[in-house]
Amino acid sequence: MRNQEVAALLSRMALLLEANGESRFKSAAYQKAARVVGGLADDVEGLARAGGLRELPGIGEGIAKNVEEYLATGRVEYLDRLERGVPEGAVALMAVPGIGPKTAFRLARDHGIRSVEVLRKELDSGGLRDALGKGASDRIRAEIETLQAGLGRVLLPEAEALAQDMVSYARSSGCTLEVAGSLRRGRETVGDIDLLSLDGRALEILGGYGNVARTLERGSRKGSYVLHNGLRVDLLVAERGGHGAAMMHFTGSREHNVAMRSLALGKGLRLNEYGLYEGGVRVAGETEEGVFSELGLQYIPPELREGRGEVEAAKDGHIPELVKGKDVRGDLQMHSRWSDGTAEIEAMATAAMEMGYEYVAITDHSFSARLAHGLSEERFKEQWKEVDGLNDRLAPFRVLKGVEAEVGGDGGLDFGREFLDEFDLVGVSMHQGYGQSAEKLTERAVRALSHPSVDYMCHPTNRLIGTRRGHMLDLRRVIAAARDSGVMLEIDAQPNRLDLDDVWSRKAAEEGVGMFIDSDAHSVDQLENVRFGVLTARRAWLEKKHVANTRGLKSLLRMLAR
DNA sequence: GCCGTTTTCGGCCCGACTGTTTTCAGTCG
């Protein structure tokens, strides 16, 4: 799939258009197209071949032609022309927050600054003061420091912990903060923390918080701060009557806000962060529910606010009843000390009982996962005796005999069919073969999924967010294979996996593939990670009926028997 | 460049913050 490559191309064109002084709307159109392609589940190349690019929202004749040219030749003539219109290095400078096209252009053309590194050196030695002014020089220098410290996006649990700490700190000063932004939408990674308060004192209070390294700016309604780890925090102060509108504005996403405001305009209304207005009169704004309702929309849960068709769905009454944490009745992937877990099976099972589950599956690795101390047939048979004993004592709670079976280089599994059928539940995983071609990997996956003993596929791409890209599988074929053989796909809820992700999980469910949400816990405390999987499922528009481990034990066993 | 329950032309989400700005441009979310 070349979707990300094409998205990057369109983003670059958007930047260059801006730098060339073209209409900002034209640049925004390219930016929107980049986001559309980047968030596409379908393969953009296949779509282009089928002549379907122009069907995509935000992609018309002009952009489609550029994309087609790029896919066919690897170049875009228009892009080359844009590059020639911009001084060398200007685009690189625009990576620094606070440097837009105008400033970048000026620095590159008039002062010969070609890179962020050179800019930093120049600023360090006191240069460019006359060109930028003192205030801007200082701020840009600070922004470069943050940029070069290199903290990108952080994982959801880390951002959650940082936000909670700020909320507690503010509360100890008698001030309430609420979490908004991508953190509230449950995105897998968070690039900054957005907070909302009804109390103007919050702006000053947060500036005095020990983990704040620097206040970037502070007005009467908004403030921006940088934490010691380099993460940015934005704070918005709302008034009571506009609380819901402010929450909505600050929760985003940007694409969602654009869709909401366009809809309001179409109804002769105006929506901003203070409320929904008809003429000069505020007709809603105190609550989010009120704003949605006044616009004739169903309530849209934060997880769906990504500009992926949710506003249209809300208009038609098609917002689904999303799966909830309490719907999950059991956890079907976890490990014990028998392989690479740290806890006894009993400890995992009793912790799961306390969480209100009816069942778990212990799914230790099969023998060719050597690093994870995978088990042989003999060892599994020993393990089952322990499981049988536990089931006698813990009934009606049930520990299912599972396995995370390694998929071999040719798509075969470690055990024969006869032995595999003795398990209650067989999952397959592809931990090996990073060097293989997409074609080969996909063949392996499809073969494993068509094995008659297999019930589900664990963390299908095997990605690790921020560190490992994951297998370049053709997920459309994997989903089709899962559908054809009645095999489930998993949302692995480890916060650095979340695999399948929201976009592909939605696709899988639309194709009629059943999903599991599992913790993949290797210790007792990791069982709680399931909630991150539930968030991903909600972002994938999944309902209870799409998630097979929301079934009770009997219903689950009936399903597995089929 | 895209798009249409106002429009195939004329709009495009909307407002806050900073600086050296005395009325607004640049940038951002």
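Letters A, B, ... mirror the listed sequences (proteins, then strands); counts begin at 1. None of these values were measured; they are calculated from a predicted model.
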For [N] and [M], measure between their [atom1] atoms and round to the nearest Å.
| N | M | atom1 | value |
| --- | --- | --- | --- |
| B:dC9 | B:dC14 | C1' | 23 Å |
| B:dT21 | B:dA16 | P | 23 Å |
| B:dG15 | B:dG10 | C1' | 23 Å |
| B:dG4 | B:dT8 | P | 13 Å |
| B:dT5 | B:dC13 | P | 16 Å |
| B:dG11 | B:dT6 | P | 16 Å |

Pick out which of A:His256, A:Arg35, A:Arg185 makes a side-chain hydrogen bond (donor to acceptor under 3.5 Å, both in side chains) with A:Glu306.
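When side-chain hydrogen bond (donor to acceptor under 3.5 Å, both in side chains) is applied between A:Glu306 and each of A:His256, A:Arg35, A:Arg185, only A:Arg185 qualifies.
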
Measure from [atom1] on [X] to [atom2] on [N] and round the result to the nearest Å.
| X | N | atom1 | atom2 | value |
| --- | --- | --- | --- | --- |
| A:Arg35 | B:dG29 | CZ | P | 13 Å |
| A:Lys102 | B:dT18 | NZ | C1' | 17 Å |
| A:Met94 | B:dG26 | CE | C1' | 12 Å |
| A:Asp234 | B:dG15 | CG | C1' | 14 Å |
| A:Glu273 | B:dA16 | CD | C1' | 7 Å |
| A:Lys267 | B:dT6 | NZ | C1' | 14 Å |
| A:Arg24 | B:dA25 | CZ | P | 12 Å |
| A:Glu312 | B:dT5 | CD | P | 12 Å |

Atom [atom1] in [X], atom [atom2] in [Y]: separation rounded to 0.5 Å?
| X | Y | atom1 | atom2 | answer |
| --- | --- | --- | --- | --- |
| A:Leu196 | A:His243 | CG | NE2 | 5.0 Å |
| A:Lys102 | A:Met94 | NZ | CE | 9.5 Å |
| A:Leu162 | A:Asn229 | CG | CG | 5.5 Å |
| A:Cys175 | A:Glu204 | SG | CD | 11.0 Å |
| A:Arg240 | A:Asp199 | CZ | CG | 9.0 Å |

So what does [X] touch, heavy atoms closer than 4.0 Å: a base, only the sugar-phosphate, or nothing?
| X | answer |
| --- | --- |
| A:Ile99 | sugar-phosphate |
| A:Ser220 | sugar-phosphate |
| A:Glu22 | nothing |
| A:Arg106 | nothing |
| A:Gly181 | nothing |
| A:Leu17 | nothing |
| A:Val36 | nothing |

Does the side chain of A:Ser224 get closer than 4.0 angstrom to OP1 or OP2 of B:dC28 through an N or O atom?
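A:Ser224 to B:dC28 OP1/OP2: no side-chain N or O under 4.0 Å.
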
Which is it for A:Glu160 and A:Arg531 under the salt bridge (Lys or Arg N to Asp or Glu O under 4.0 Å) test, yes or no, and what are the steps along the way?
CA-CA 13 Å; A:Glu160 249 183 11; A:Arg531 68 191 180 87; 2.8 Å; yes

In terms of side-chain geometry, is the basic nitrogen of A:Arg24 or A:Glu18 positioned less than 4.0 Å from the acidic oxygen of its partner?
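No, A:Arg24 and A:Glu18 are not salt-bridged.
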
Ion pair A:Asp327/A:Lys545, N-O distance below 4.0 Å
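No, this pair does not count.
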
When you measure from every atom of DNA chain B, which of residues 196-206 of chain A have a heavy atom less than 4.0 Å away?
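The stretch gives none, as no residue of it lies under 4.0 Å from the strand.
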
Selection: residues 65-90 of chain A, any non-hydrogen atom under 4.0 Å of DNA chain B
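Going residue by residue through residues 65-90 of chain A, none turns out to have a heavy atom under 4.0 Å of DNA chain B.
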
Is there side-chain contact between A:Trp504 and A:Arg476, with heavy atoms separated by less than 4.5 Å?
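With C-beta onward as the side chain, the pair touches.
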
As a test of reading the structure: which of B:dA16, B:dG29, B:dC2 is closest to the side chain of A:Phe250, going by heavy atoms?
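So the side chain of A:Phe250 is nearest to B:dG29.
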
If the plane angle is over 60° it's perpendicular, under 30° parallel, otherwise tilted; pick one for A:Phe292 and A:Tyr299.
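Plane angle over 60°, so perpendicular.
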
A:Lys134 vs A:Thr103, nearer the 5' end of DNA chain B by closest nucleotide:
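Closer to the 5' end of DNA chain B: A:Lys134.
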
Nearest nucleotide by nearest heavy atom, which residue falls closer to the 5' end of DNA chain B, A:Gly223 or A:Arg232?
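On the 5' side of the pair lies A:Gly223.
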
Minimum heavy-atom distance between A:Thr287 and A:Gly290, given as atom pair plus value
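Distance-wise, the nearest heavy atoms are OG1-N, 2.9 Å.
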
What is the minimum heavy-atom distance between A:Pro301 and A:Leu322, and which atoms define it?
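For A:Pro301 and A:Leu322, the tightest heavy-atom pair comes out as CG-CD1, 3.8 Å.
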
May I ask which nucleotide in the shown strands pairs with B:dT8, Watson-Crick or G-U wobble, both distances under 3.5 Å?
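The answer is none; no pair meets the criterion.
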
Audit row: A:Arg12, A:Glu83, salt bridge (Lys or Arg N to Asp or Glu O under 4.0 Å) steps and yes/no
CA-CA 10 Å; A:Arg12 181 166 179 84; A:Glu83 302 264 17; 3.0 Å; yes

I'd like a table of atom pairs between the protein and nucleotides 10-13 of chain B - only N or O on both sides, under 3.5 Å - with the distance next to each one.
| from | atom 1 | to | atom 2 | distance (Å) |
| --- | --- | --- | --- | --- |
| B:dC13 | O2 | A:Arg261 | NH1 | 2.3 |

